[in-house]
Structure formats: structure tokens, C-alpha cells
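Read through the structure below, which is laid out as C-alpha cells, and then see the notes.
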Amino acid sequence: VATMPSGLLILNADLTIRLRNERLLAIMGYPEDIGRPGSGLGDLFRFEAASGRLGGETAEEAETRLAEGLRAGRPLVAERLLPDGSAILIQGNRQPDGGFALTFTDITELKRSRDALRRAKEQAEGALEELKQTQQSLIQAEKMASLGQLVAGVAHEVNTPVGITLTAASQLQLEVDGIEKMHASGAMKRARFEEFLRMSRDLAALILANSERAADLIQSFKMVAVDQSSGERRRFELKEYIEELLRSLGPTLKNTACRIVVDCPEPVEVDNYPGTLSQILTNLVMNALMHAFEGWPSGVITITVHRAGDAEVMLDFADNGRGIPPEVLPKIFDPFYTTKRGAGGSGLGLHIVFNLVTTMLKGSITVSSEPGEGACFHLRFPRIAPATAPLR
């Protein structure tokens, strides 16, 4: 008892003090005349009250509260903060003879460590939340950059058929005005009228073909752009949607020697997030153009889609480009890792792809590659998305 690291106070059944050790006095700062065997708890609580340790409670109220708790058989566990800043853990239990044993343990250092751990945990949680918000901002910025690139490409591409349509319409208007004047003056000749009909037919065909081309581009752009910006879930046929996406990427692919083949032997209808899938495939295409085919005369990307049972879809995105070096392969999904740091690479493209596949599509993505033999990204995700998906 004398060498215990904790203070000890043993009470009889009537709550008189049977035993206390010297450690109790050292820990609690009690004078020698406090807690002598045979005395009651009153002296102890009066010292506590006089020292201002009981707050607004009187010595009698504190003694009554302790006595009621002990006699009710409830284990006593309480922490006390002394005026000098020491933290004391007080524990008490009923003894077999009807008395009670109370221990007083100095937990000041433990409490400091615990508080430091709590603060560190709060700081880590705050940093994690800030990281998540930063990540969401980066994903949103990447999505908007992708959408902006799509807008610029489509705008440039639509300009050609619209320009041809305007030119043809203007020419047709001139021809109509000319034939109208000839008819009004009575100078109309059969050969000139037949020439007018032939030219009008050619101009109308040119206007129609280019108007349809512009309409197709705008429709593809509208579908992909709305999906990318809204992030809504809907039901769609996978092959048709991929082909729509590739049409919208046509302006980007037009100036490259790369062609894309979609291999989907059977219809695969999914209920998922088309905007997420659009961003994933766009990032994979741009990654292939930047890395796989740089300096190559031509290249082929093959997108293969098939069911994996009734519940899942497998999508392989493969290129026949330069491949990925073995030392780079384990790092390609890491944030900010890029081999094109000085050439416009942000290191976020494939990291965002990984996050979108795993969080939004609730799927998985792996990659296989051999130098000089291309690379293949293997995506696997539910055909019907879960009821909810995390916010981006």
C-alpha cells in the first residue's frame, strides 16, 4: 500500500476512513491531518471546498453525492482537475465486507498525451477534409477543362459545314434572283432553266448534307456536354453512347493519325452515370494521344465492351502505342505523377479516372502493358449503379 503509485482510500461500510496511504496526500495535496483512520469524509470535503476545488458545490453536498453513489453500488469513475493543472482519475468500488476502496491516480501526462492525440486527430481530419475538397475542386476543374476543350473543338468543326451551308444558300439565292429576272423580262430559255434546276439541285443537296453534318455534331456535343456538366444518372445503351462521345471528340482526333474502333458484339444497356463514363473515356483518349502515340506515325485504340454476367460490365481500353515502362506502371494512378511535367502534363488525368471508376461507377480499374506493345486499361463496373454515389 505504501509503495502504490496511486493514492488509496479505504472506507468502512459507514463511510469512515479505515486506511489511507501517503501517496494520496502527495497526489491530492492534502495535509497530514486529512484522512486519518477513524475520521469521516467531512474533513476531506471541507478542505476541498476551502481550496475552491468543488466549484459552486458545498462540502455537505459533495459528501452526500459521493455517499449515495457508493451505497447504490455504482462504480465510481471521475476525473478531477486540480488548481495546479494536475489531472486525477478517481475510481471506487464496493468491497466484499461492505466497505469501499477508492484509488487516486495522477493521469496528467496521460491526459496531455490524450489531448495531443485528440488535437492531432482533429488536425488530420481537417487536413483530410481539406484534401477531399481540393480533390473535388481539381476533379471539377479537370471536368470543366475537358468540357472547354470539347466546346472549342466542336465549335471549330461545326464552323466548316455551317460556312459551306451559308455559301451554298447565298449562291442559291443569287440563282433564284437571276432566273426570276429572266422570267420577268421574257428572256427565259430552256437551256438556262435546265441549268438553273441542275445547279439548284446540287446546291440544295450541299446545304442538306452540311446541315445534317452540323446537326449531328451539335446533337453529339449536346448529349455529351449535358452529361458531363449534370452528372445525372440515367439508362442508356453503352455502344451507342460511346459512339456519340467519339463523334464529339472527332475534332480532336481529326488532326491525329489515331483511329478508334468500338467492339461491342451485343447490346449492353446500363443504368449508370453517362457523364462520368464520358469523362473517363475522354481522359483515357487524351492520355493515349499524349503518351502512347507521341512521335508515332499512326495508332489504333480499341474499346471492347462485353457483359460479365448479368450484373457487371467489362470495358477494355487498349492502344497499340509505345507501352508503359515497368518503373512507371505502378505509379500511373498516383496524383500529380506525370512524365510530361514540362509539356503540359498535370498528373491528374489517370488519377481522376481511377477516382471516378472507383467512387462514381463503384467499379475497379487495372492496367497491363509491355514496352513497345501498347497498354490496356481494364474497367469493371456494375451494369446498374448502386442507389447512391458519392458527390464529386
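Quantities reported herein were computed from a predicted structural model and do not represent experimental measurements.
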*Kindly determine whether Glu48 and Arg80 satisfy side chain to side chain contact (heavy atoms under 4.5 Å, CB included), including the steps that lead there.*
CA-CA 11 Å; Glu48 292 274 351; Arg80 290 283 306 281; 2.7 Å; yes
Around atom [atom1] of [X], are there more than 12 heavy atoms from other residues, nucleotides or ligands closer than 6.0 Å?
| X | atom1 | value |
| --- | --- | --- |
| His183 | NE2 | no |
| Glu269 | CD | yes |
| Asp33 | CG | yes |
| Arg190 | CZ | no |
| Arg192 | CZ | yes |

*Angle class for the Phe333/Phe354 ring planes (parallel below 30°, perpendicular above 60°, tilted otherwise)?*
tilted
*Measure up the Tyr30 and Phe47 rings against each other and bin them: parallel (under 30°), tilted (30 to 60°), perpendicular (over 60°).*
perpendicular
Single-linkage hydrophobic cluster, 4.5 Å side-chain cutoff, [X] and [Y] together:
| X | Y | result |
| --- | --- | --- |
| Ile10 | Leu66 | no |
| Val328 | Phe293 | yes |
| Leu174 | Phe196 | no |
| Phe377 | Met286 | yes |

_Derivation of the side chain to side chain contact (heavy atoms under 4.5 Å, CB included) call for Leu25 and Arg20_ = CA-CA 9 Å; Leu25 305 182; Arg20 58 108 169 121; 3.7 Å; yes
_Residues Asp115, Arg112: salt bridge by 4.0 Å N-O rule_ =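 Result for this pair is no, no salt bridge flagged.
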*Salt bridge flag under 4.0 Å for residues Arg119 and Glu122*: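 No, no charged N to carboxylate O under 4.0 Å.
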What are the two closest heavy atoms between [X] and [Y], and how far apart are they?
| X | Y | value |
| --- | --- | --- |
| Met314 | Ala308 | CG-CB, 3.7 Å |
| Pro5 | Arg23 | O-NE, 3.0 Å |
| Pro265 | Val305 | CD-O, 3.7 Å |
| Ala87 | Lys111 | CB-CD, 3.4 Å |
| Tyr241 | Ser278 | OH-CB, 3.5 Å |
| Ser86 | Thr108 | CA-OG1, 3.3 Å |

*Between the side chains of Thr16 and Asn12, is a donor N or O closer than 3.5 angstrom to an acceptor N or O?*
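Note: Thr16 and Asn12 side chains meet the donor-acceptor criterion.
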*Could you check Leu41 against Leu11 for side chain to side chain contact (heavy atoms under 4.5 Å, CB included), going step by step and ending with a plain yes or no?*
CA-CA 9 Å; Leu41 291 173; Leu11 307 176; 3.9 Å; yes
*Taking Asn21 for its side chain and Val1 for its backbone only, find out whether a donor-acceptor pair lies under 3.5 Å.*
yes
*Could you walk me through whether Gln279 and Asn283 pass the side chain to side chain donor-acceptor pair (under 3.5 Å) test, one step at a time?*
CA-CA 6 Å; Gln279 191 175 357; Asn283 282 16; 5.0 Å; no
*Stepwise salt bridge (charged side-chain N to carboxylate O under 4.0 Å, His left out) test for Glu125 and Lys121*: CA-CA 6 Å; Glu125 289 174 345; Lys121 178 175 177 290; 2.6 Å; yes
*Report the C-alpha distance between Arg233 and Asp271 in whole Å, list the side-chain angles of each, state the deciding distance to 0.1 Å, and finish with yes or no for salt bridge (charged side-chain N to carboxylate O under 4.0 Å, His left out).*
CA-CA 7 Å; Arg233 169 180 173 168; Asp271 183 354; 3.0 Å; yes
